[in-house]
K.L.:
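Have a look at this one.
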Amino acid sequence: MLKPDMSNNCASAAIVPASRYANCAGYEIHYLDWLPQGPTKATVIAWHGLARTGRDMDALAQFLATQGYRVICPDTLGRGLSQWSRNPREEYRLRFYARLARELMDALALQQVHWVGTSMGGAIGTVCASGLFEPDLRHRILTLTLNDNAPELAEAALARIKSYAGRPPVFDTVAELEGFFRAAYKPYGWLSDFEWRKLTETSTRRCDDGRVTPHYDPRMIEQFTEHDNDYLLWDHYDALQLPVLLLRGEDSDLVLRPVAEQMQQRGPGARDLLTWLEVPDCGHAPALNVSAHFEVVLSHLQRA
């Protein structure tokens with residue numbers, strides 16, 4: 001089990017990322033490019049969760065960049081500064097996200113990468129690494145970190161997510177929206193006041209009437225309403241042939257302990273390629289913003 005540690009040890013070597021855009025599958029996709037100050041050891045793709053943005057990975061990316069890694073943090077289609085889908089029913093789903101990932105890697109000439117994914121980002125990494133959707137990616141991902149994601153998710157938690165994600169609230173002020181985020185994302189664990197404000201300001205857009213709402217396209221929820229089993233990924237998980245790290249929030253209602261135990265018995269688990277660690281004082285999903293989180297991710301990258 002990871003020991004709680006509220007320190008962030010990358011402030012002394014701050015690295016400023018480049019904000020960039022790439023054309024992937026006919027869409028403008030935004031990403032932050034964190035480049036180390038010296039030689040690059042390897043590249044990491046750090047992919048955010050369902051209703052979030054690549055800015056959630058800032059703290060981890062900052063740390064990894066100080067350790068010599070280049071870190072690419074995309075905004076998924078329909079989130080953050082990326083374009084919204086013109087065909088939500090068919091494009092807000094894992095198969096299309098895998099295509100976006102492949103085209104982003106190709107656009108950046110990335111032959112091999114490590115993958116760190118929170119929730120949905122972990123699912124995208126799983127289907128990319130399995131090669132069942134994008135065969136070219138099967139041998140291009142070196143390690144996979146699943147931050148509170150599994151090949152089978154709890155129905156009650158999915159219902160909770162669907163209850164709020166498809167109908168993002170609207171507020172008069174950014175301060176009110178921050179209060180909503182603090183409540184909705186309390187399971188992330190400890191965040192400083194600065195981090196809560198940054199999370200809010202990087203997750204906000206103005207409506208036509210001047211009020212504020214979360215940044216994403218509400219129709220991204222059609223991944224659930226139109227594709228009931230999009231997150232049932234045992235076939236993909238069983239096909240994985242790379243080192244996998246499962247970080248399960250100790251209080252997660254999305255990744256249940258029996259599912260994590262099943263992961264130990266099949267796929268990478270059966271091949272001694274799975275490491276499972278519990279993250280205390282977190283539910284869904286650990287924010288990956290403190291030293292204990294950084295060090296365990298770094299250790300996993302070094303397995304390849």
Side-chain angles (χ1 to χ4, degrees), residues 4-8 10-11 14 16-17 19 30-32 34 46-63 73-82 84 116-121 147-148 157-221 247 249-254 279-294:
D5 180 349
M6 305 311 178
S7 64
N8 182 322
C10 52
V16 178
S19 179
H30 174 256
Y31 64 97
L32 288 186
W34 297 78
W47 209 294
H48 64 82
L50 179 72
R52 302 298 311 130
T53 81
R55 297 300 304 274
D56 281 11
M57 297 295 187
D58 279 6
L60 177 65
Q62 174 76 246
F63 170 76
C73 303
D75 290 341
T76 309
L77 184 73
R79 284 79 157 181
L81 296 176
S82 291
W84 288 14
V116 178
T118 293
S119 192
M120 178 193 70
N147 183 29
D148 214 58
L158 291 176
R160 173 181 58 80
I161 293 169
K162 287 187 281 187
S163 71
Y164 73 82
R167 297 188 299 275
V170 179
F171 298 97
D172 291 329
T173 68
V174 173
E176 290 174 301
L177 181 57
E178 180 177 328
F180 166 77
F181 283 138
R182 282 177 178 255
Y185 298 133
K186 184 178 180 181
Y188 282 14
W190 180 85
L191 278 77
S192 67
D193 288 341
F194 170 82
E195 287 174 306
W196 280 118
R197 180 57 52 86
K198 180 173 73 70
L199 182 151
T200 301
E201 291 180 346
T202 58
S203 306
T204 300
R205 64 181 175 88
R206 292 277 176 186
C207 302
D208 290 344
D209 62 4
R211 295 189 295 167
V212 291
T213 192
H215 58 92
Y216 59 83
D217 180 358
R219 293 192 66 182
M220 61 84 173
I221 202 65
L247 295 176
E250 184 179 40
D251 302 317
S252 177
D253 65 342
L254 191 72
V279 184
D281 303 317
C282 292
H284 182 74
L288 302 184
N289 65 326
V290 295
S291 293
H293 304 168
F294 302 158

K.L.:
Are any non-hydrogen side-chain atoms of F180 and P169 less than 4.5 angstrom apart?
P.N.:
yes

K.L.:
I want to check something: taking the side chain as every heavy atom from C-beta on, are Y188 and P286 in contact at a cut-off of under 4.5 Å?
P.N.:
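No, their side chains stay 4.5 Å or more apart.
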
K.L.:
Has the side chain of E201 got a donor or acceptor atom that lies under 3.5 Å from a matching backbone atom of K198?
P.N.:
no

K.L.:
Between E176 (side chain) and D172 (backbone), is there a donor-acceptor pair under 3.5 Å?
P.N.:
yes

K.L.:
Does the side chain of V170 come within less than 4.5 Å of C207's, by heavy atoms?
P.N.:
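SC-SC contact between C207 and V170 confirmed.
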
K.L.:
Within this structure, what is the NZ-SG distance for the pair K186 and C282, rounded to the nearest 0.5 Å?
P.N.:
12.5 Å

K.L.:
Is any side-chain heavy atom of P214 closer than 4.5 Å to a side-chain heavy atom of L177?
P.N.:
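When only atoms from C-beta onward are counted, L177 and P214 do touch, with a gap below 4.5 Å.
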
K.L.:
So which atom in T200 and which in V174 form the shortest heavy-atom distance, rounded to 0.1 Å?
P.N.:
CG2-CG1, 3.8 Å

K.L.:
Using the side chain to side chain contact (heavy atoms under 4.5 Å, CB included) rule, take W196 and E178 through it: C-alpha gap first, then chi angles, then the decisive distance, then the call.
P.N.:
CA-CA 7 Å; W196 280 118; E178 180 177 328; 4.0 Å; yes

K.L.:
Specify the closest pair of heavy atoms between A51 and Y185, including all atoms of both residues, with the distance to one decimal.
P.N.:
O-OH, 3.9 Å

K.L.:
Got a second to check how far S82's OG is from D75's CG, nearest 0.5 Å?
P.N.:
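Atom-to-atom, S82:OG and D75:CG are 4.5 Å apart.
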
K.L.:
Give, for atom OG1 of T118 and atom CE of M57, the distance between the pair rounded to the nearest 0.5 Å.
P.N.:
3.5 Å

K.L.:
Are the side chain of R79 and the backbone of L77 linked by a donor-acceptor contact shorter than 3.5 Å?
P.N.:
yes

K.L.:
Among side-chain atoms of R52 and S203, is any donor-acceptor pair under 3.5 angstrom?
P.N.:
yes

K.L.:
Between the main-chain N or O of G283 and the side-chain N or O of S252, is there a donor-acceptor pair closer than 3.5 Å?
P.N.:
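Answer holds: no.
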
K.L.:
Judged by modelled atom types alone, do H30 and S19 share a side-chain donor-acceptor pair under 3.5 Å?
P.N.:
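Distance-only check passes for H30 and S19.
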
K.L.:
Decide, yes or no, whether a salt bridge links R219 with D217 under the criterion of side-chain N to carboxylate O below 4.0 Å.
P.N.:
no

K.L.:
How about R182: does its CZ atom have over 12 heavy atoms from other parts shown lying under 6.0 Å from it?
P.N.:
yes

K.L.:
Could you walk me through whether D56 and L288 pass the side chain to side chain contact (heavy atoms under 4.5 Å, CB included) check?
P.N.:
CA-CA 8 Å; D56 281 11; L288 302 184; over 6 Å; no

K.L.:
Please check if any side-chain donor atom of T76 sits under 3.5 Å from a side-chain acceptor atom of H48, or the reverse.
P.N.:
yes

K.L.:
Has the side chain of H215 got a donor or acceptor atom that lies under 3.5 Å from a matching backbone atom of R205?
P.N.:
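Flag not set: sc H215 to bb R205 has no pair under 3.5 Å.
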
K.L.:
Determine, step by step, whether L199 and L191 satisfy the side chain to side chain contact (heavy atoms under 4.5 Å, CB included) criterion, reporting the C-alpha distance in whole Å, the side-chain angles of both residues, the deciding distance to 0.1 Å, and the verdict.
P.N.:
CA-CA 10 Å; L199 182 151; L191 278 77; 4.2 Å; yes

K.L.:
Could you tell me whether R160 and D253 make a salt bridge, using a distance below 4.0 angstrom between a side-chain N and a carboxylate O?
P.N.:
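Here R160 pairs with D253 in a salt bridge, since their nearest N and O are under 4.0 Å apart.
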
K.L.:
Parallel, tilted or perpendicular, judged at 30° and 60°: which one describes the rings of F294 and F63?
P.N.:
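Parallel, since the angle between the ring planes stays under 30°.
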
K.L.:
Decide side chain to side chain contact (heavy atoms under 4.5 Å, CB included) for N289 and L60; before the verdict, give the C-alpha distance in whole Å, the side-chain angles of both, and the deciding distance to 0.1 Å.
P.N.:
CA-CA 6 Å; N289 65 326; L60 177 65; over 6 Å; no

K.L.:
Give a yes-or-no answer on whether the side chains of D148 and S119 include a donor-acceptor pair shorter than 3.5 Å.
P.N.:
no

K.L.:
In Å and rounded to the nearest 0.5 Å, what is the CE to CH2 distance from M220 to W84?
P.N.:
10.0 Å

K.L.:
Please give me the minimum heavy-atom distance between L50 and M120, naming the atom from each residue.
P.N.:
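Looks like N-CB, 3.6 Å.
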
K.L.:
Between atom CZ of R211 and atom CZ of F171, what is the distance when rounded to the nearest 0.5 Å?
P.N.:
10.0 Å

K.L.:
Search all heavy atoms of P74 against all heavy atoms of A46 and return the closest pair with its distance.
P.N.:
CD-O, 3.4 Å

